[in-house]
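The block underneath contains the structure these notes are about, expressed in structure tokens.
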Amino acid sequence: MLRTHTCGELTKANDGQEVTLCGWVDRIRDHGGGVFVDLRDRYGKTQIVVGAESDAAMLELAGKLRNEFVILAKGTVRNRPAGQENPKMVTGAIEVVVIELQVLNESKTPPFTPGQHELPNEDTRLKHRYIDLRRQAMQDTLVLRSRIIKGMRDYFDAHDFIDVETPILGRSTPEGARDYLVPSRVHNGTFYALPQSPQIYKQIMMIAGYDRYIQVARCFRDEDLRADRQPEFTQLDLEMSFVDSDDIIGMIDGLMQKLAKDILGLDLPLPLPRLTYDEAMTRFGHDAPDLRFGVEIVDLTDLAKTVEFRVFKSVADAGNHVRAINAPGGAAVFTRRKIDELTKFVQENFGAKGLAWFRIEEDGSLFSPIAKNFTQEQLDEIRSRTDGKPGDLIMIIADTWDTSCKALYALRKKVGLALELYDPKEMHFSWIVQFPMFDYDEEGNRWNAMHHPFTAPLDEDLEKLQSAPGDVRAKAYDLVINGYEAGGGTIRIHDSAIQSRAFELLGLDAQSAKERFGFLLDALQFGAPPHGGIALGIDRIVMLFGGLENIRDCIAFPKTQKAADMMTEAPNRVDVEQLEELAIRIIESDDEA
RNA sequence: GGCGCAGUAGCUCAAUUGGUUAGAGUCCCGGACUGUCGAUCCGGAGGUUGCGGGUUCGAGUCCCGUCUGCGUCGCCA
């Protein structure tokens with residue numbers, strides 16, 4: 001090692017010691033006769049001094065240092081003169097008086113510096129990611145990520161799980177998300193698919209008798225990005241045999257308790273709270289609600305049937321829904337203009353027909369442009385059902401179930417944020433369980449698997465597979481943290497009769513099921529144990545534990561919204577020779593339609 | 001694919017109703033200075049206002065198109 005210490009560890013205890021530090025020049029304060037340099041590595045910063053003790057040559061060299069030069073400084077640790085300590089620095093009690101100074105490497109003037117106060121725009125950060133990754137915040141996050149993954153591995157190792165790698169080059173099973181495809185050279189005209197998850201492999205590991213499997217698995221989905229979604233992401237993939245839902249949930253409960261304690265110092269009481277899917281949709285309009293605050297949805301459909309107001313009455317009579325949320329103290333924050341914006345927002349994003357609202361005045365009366373359409377009794381009823389208090393704002397969506405859920409969920413999120421109804425540092429863990437097994441595809445006129453086609457139904461719902469598929473609930477569970485889906489899993493079907501029935505409902509005949517999943521269906525017939533598992537989104541968990549707002553900040557080299565890497569400029573065009581070997585021809589489209 | 005926000009000096013931003021030579025801080029270059037820690041002081045350099053059209057006597061500003069980044073809806077079994 002060129003160095004004897006890092007830049008984050010020297011204290012008064014090292015006074016008088018001769019040390020050698022290596023690092024990057026973070027900042028220079030040049031007084032002519034004396035130069036102060038903050039030297040930085042990933043452990044911290046230490047002030048080094050070239051001053052009276054130094055000869056002219058070293059002073060000249062120090063004067064030539066610039067931001068992000070890589071230097072080696074050999075010197076003596078010395079307590080700083082009285083009054084010159086810097087309490088903001090961990091090493092602020094000491095400084096290193098330089099005896100020998102070497103420039104290990106110069107740096108071009110960087111487009112931005114890791115220590116600068118205003119963060120550059122994201123494209124600049126992504127293009128020069130090596131500079132961005134020098135920032136304290138990025139380093140903290142990558143260390144956090146490493147600790148979380150190690151915590152997971154330690155926990156599962158202690159519970160007898162084994163870590164198995166599954167293929168990256170796999171078979172395309174076109175269902176769900178789009179695949180990333182890799183052309184085969186040996187078999188021209190055929191393609192591998194990158195895994196959307198190791199789902200099928202881990203089930204086969206159960207059939208093979210490795211009853212506790214984990215993997216830190218890279219997954220790929222060729223779909224559009226979001227702040228919390230990357231095309232390439234990492235999940236903690238897990239599968240267990242001889243288990244039911246409670247066993248998987250319990251295992252992950254234990255993991256979350258450990259991580260919360262080790263990483264955040266939080267004591268999580270177990271079991272983590274569980275909500276059924278129906279409950280979540282009814283109370284919050286979403287299957288991953290943010291439970292750090294209340295503001296639950298109140299159903300006013302029955303009341304709406306009795307009112308004169310045609311907008312409400314017609315919706316209710318048509319079998320649709322009139323539902324409300326109450327923004328506590330929202331009247332002051334959501335002005336008429338803000339409400340107009342919210343109305344436009346729910347109309348444009350969710351196709352809602354409108355947004356009705358009531359403001360509760362100081363005297364308890366309800367003010368609204370539509371108030372004249374209601375009797376006093378009806379107004380009182382609206383107020384009491386929504387638990388309205390003076391200063392509150394009641395927002396009502398009259399629409400289909402689906403639209404009212406989406407609009408009210410989105411409004412609830414905005415209300416929680418705008419009214420600061422929760423502490424941003426708070427963490428709330430919960431499970432959403434008993435998802436519907438299928439949802440109906442109106443356009444395709446058929447049932448779709450809500451999770452995947454191997455998900456097992458609840459035992460008590462088995463007979464409804466014949467009579468009422470839409471009412472069948474699945475042995476499925478999602479882990480929700482602060483309104484984000486942090487993981488999801490299911491118990492799998494290991495009974496071939498039930499599996500056949502599920503395929504039938506999904507419109508897959510025996511022949512096409514065999515074509516698509518033949519190898520798994522075969523394997524399931526050779527002694528498949530009852531099994532199930534879960535996948536936890538590691539990037540999202542890092543984001544949530546780190547209190548961050550987007551997933552790119554949790555990944556060393558993330559992709560942009562158009563799935564590009566700004567640093568390497570991937571994806572890129574390749575040589576004609578490469579394409580020829582793969583028997584691939586590019587069709588250039590010159591029309592913009 | 002839809003909707004929205006943004007793009008001006010290396011970086012972060014400003015520029016009145018469309019008006020004359022596009023400014024500031026920082027960075028960079030040169031100089032001064034031994035106790036700074038967002039050092040200070042003096043001087044200097046630095047611009048295809050993302051790109052392409054259009055309107056106008058005149059466009060950073062208005063219009064059309066396009067590219068890039070971000071947010072979001074669709075999408076993500």
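Lettering follows sequence order; numbering is per chain, from 1.
Here A:H31 lies parallel enough and close enough to stack on the base of B:A39, with planes under 30° and ring centres under 5.5 Å apart. Evaluation of A:F112 against the base of B:C11 yields no stacking contact (centre distance < 5.5 Å, interplanar angle < 30° required).
In this structure, A:F454 and A:H452 have tilted ring planes: the angle between them lies in the 30° to 60° band.
As rounded to the nearest Å, B:A22 and B:G50 have P atoms that lie 16 Å from one another. Of the C1' atoms belonging to B:A15 and B:G69, the separation is 24 Å, rounded to the nearest Å. Taking the P atoms as reference points, B:C70 lies 16 Å from B:U8, given to the whole Å. Using C1' as the reference atom, B:G23 and B:G60 are 13 Å apart when rounded to the nearest Å. B:U55 and B:U26 have their P atoms separated by 43 Å, given to the nearest Å. Using atom P as the reference point in both B:G58 and B:U20, the two lie 15 Å apart (nearest Å). The same atom, C1', is picked in B:U72 and in B:C27; the two are 35 Å apart, to the nearest Å.
The distance between atom CG of A:L119 and atom C1' of B:G69, rounded to the nearest whole Å, is 14 Å. A:Q561 has its CD atom 11 Å from the P atom of B:U68, to the nearest Å. Going from atom CG of A:N550 over to atom C1' of B:G69 covers 12 Å, rounded to whole Å. Nucleotide B:U68 holds its P atom 17 Å from the NZ atom of A:K559, rounded to whole Å. Between A:E122 atom CD and B:G7 atom P there is a gap of 16 Å when expressed in whole angstrom units.
Considering only side-chain atoms of A:R27, the nucleotide from B:U12, B:G38, B:U36 that sits closest is B:G38.
A:F69 does not carry A:K64 over the face of its six-membered ring by the limits of under 6.0 Å from the centre and within 45° of the normal. Taking the centre and axis of the six-membered ring of A:W24, the NZ or CZ atom of A:R42 falls outside the cone set by 45° and 6.0 Å.
If you check every strand for non-hydrogen atoms under 4.0 Å, A:E95 touches a base. Among the heavy atoms of the strands lying under 4.0 Å from A:D224 is at least one base atom, whether or not backbone atoms are also near.
For the pair A:Y277/A:Q434, no side-chain contact is recorded, criterion being any heavy-atom separation below 4.5 Å from C-beta on.
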